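Let me begin by presenting the structure, written as structure tokens, before commenting on it.
Fair warning: this is a prediction, and the values are worked out from it, not measured in the lab. All residue numbers in this chain count up from 1 along the given sequence.
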Amino acid sequence: MSTATTELRRFLTITGRRFESGQSAPEMFSPAVDKAWHDLLGTPAYEALCLESAGQPIRHVVNNGHGPIAWVTAYEEAYGPLPEIWFTDADGNVDQTAVARYRESGTVVAEWDCGPAGGDVAPDQPVTARR
């Protein structure tokens, strides 16, 4: 299993926990992890991963935003510090400035253009497909 897929599994686990406790969807800010997500979308392996990690089907939807990433503390409590893959673009380039900022401050401020949704998808949040 690749690092990006391992991190996707962790992200889906956090997603399931947030949904279970009534919290908002976590922000998908890593292009590298999102690429792994797109590679699995619509496959039986993805359906199994969702049920195993999140305990429910998780959809991938358009969700644009910018700001503090709300789930970093939950990640750190479960898995330790975020690895560099979270600061890596889809081509494998690491944003060293963002990594350094995270390591110094313990917070992540980023942009995102998609995220998870459980249950039915609202009409204004189209489900995205495999790339």
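Using a 4.5 Å cut-off between side-chain heavy atoms of Ile, Leu, Val, Met, Phe, Trp and Tyr, with links allowed through other members, L41 and L51 fall into different hydrophobic clusters. Residues V109 and V72 fall into different hydrophobic clusters, defined by Ile, Leu, Val, Met, Phe, Trp and Tyr side chains chained together at heavy-atom separations under 4.5 Å.
Side-chain contact between Y75 and V108 is absent, with no heavy-atom pair separated by less than 4.5 Å. D34 is not listed as a side-chain neighbour of W112, based on a closest heavy-atom distance of 4.5 Å or more. Considering only heavy atoms from C-beta on, Q23 stays 4.5 Å or farther from R17 through its side chain. Side-chain atoms of T97 and F87, non-hydrogen and from C-beta on, never get closer than 4.5 Å to each other.
Taking every heavy atom of both residues into account, P116 and P26 meet most closely at CD-O, 3.2 Å. Considering all non-hydrogen atoms of both residues, G118 and Q56 come closest at CA-OE1, 4.0 Å. In terms of heavy atoms, E27 sits closest to P68 at OE2-O, 3.9 Å.
The line from OH of Y102 to CD1 of I69 is 12.0 Å long, rounded to the nearest 0.5 Å. To the nearest 0.5 angstrom, T43 atom OG1 is 8.5 Å from L49 atom CG. Taking CZ of R103 as the reference point, atom CD of Q96 lies at 7.5 Å (rounded to 0.5 Å). The structure places CG of L40 at 10.5 Å from NZ of K35, a figure rounded to the nearest 0.5 Å. Atoms CG and CE, from L12 and M28 in turn, are 7.5 Å apart once rounded to the nearest 0.5 Å.
Between W37 and F11, a ring centre-to-centre spacing shorter than 6.0 Å is recorded.
For F19, there are no ring pair (Phe, Tyr, Trp, His ring centres under 6.0 Å) partners two or more places apart in sequence or in a different chain. Contacts of E20 classified as salt bridge (charged side-chain N to carboxylate O under 4.0 Å, His left out), with partners at least two apart in sequence or in another chain: none.
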- Message: Test side-chain contact (heavy atoms from CB on, under 4.5 Å) on Y46 and I58; report intermediate values, then the result.
- Response: CA-CA 9 Å; Y46 178 67; I58 301 293; 3.8 Å; yes
- Message: Between E104 and R101, is the salt bridge (Lys or Arg N to Asp or Glu O under 4.0 Å) condition met? List the steps.
- Response: CA-CA 5 Å; E104 290 170 13; R101 199 173 321 128; over 6 Å; no
- Message: Working note: T5 + R9, criterion side-chain contact (heavy atoms from CB on, under 4.5 Å); need CA distance, chi angles, decisive distance, verdict.
- Response: CA-CA 6 Å; T5 304; R9 175 184 299 277; 5.9 Å; no
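Side-chain N or O atoms of S53 include none that pairs as donor or acceptor with a backbone N or O of C50 at under 3.5 Å. Side chain of R18 to main chain of S24: a donor-acceptor pair is present (N/O by atom type, distance under 3.5 Å, no hydrogens or angles). With hydrogens and angles disregarded, no donor-acceptor distance shorter than 3.5 Å links the side chain of W86 to the backbone of F29. Remark: the backbone N or O of N93 is not paired with any side-chain donor or acceptor of D91 at under 3.5 angstrom. Looking only at distances, a side-chain donor or acceptor of S30 sits under 3.5 Å from a matching main-chain atom of I85.
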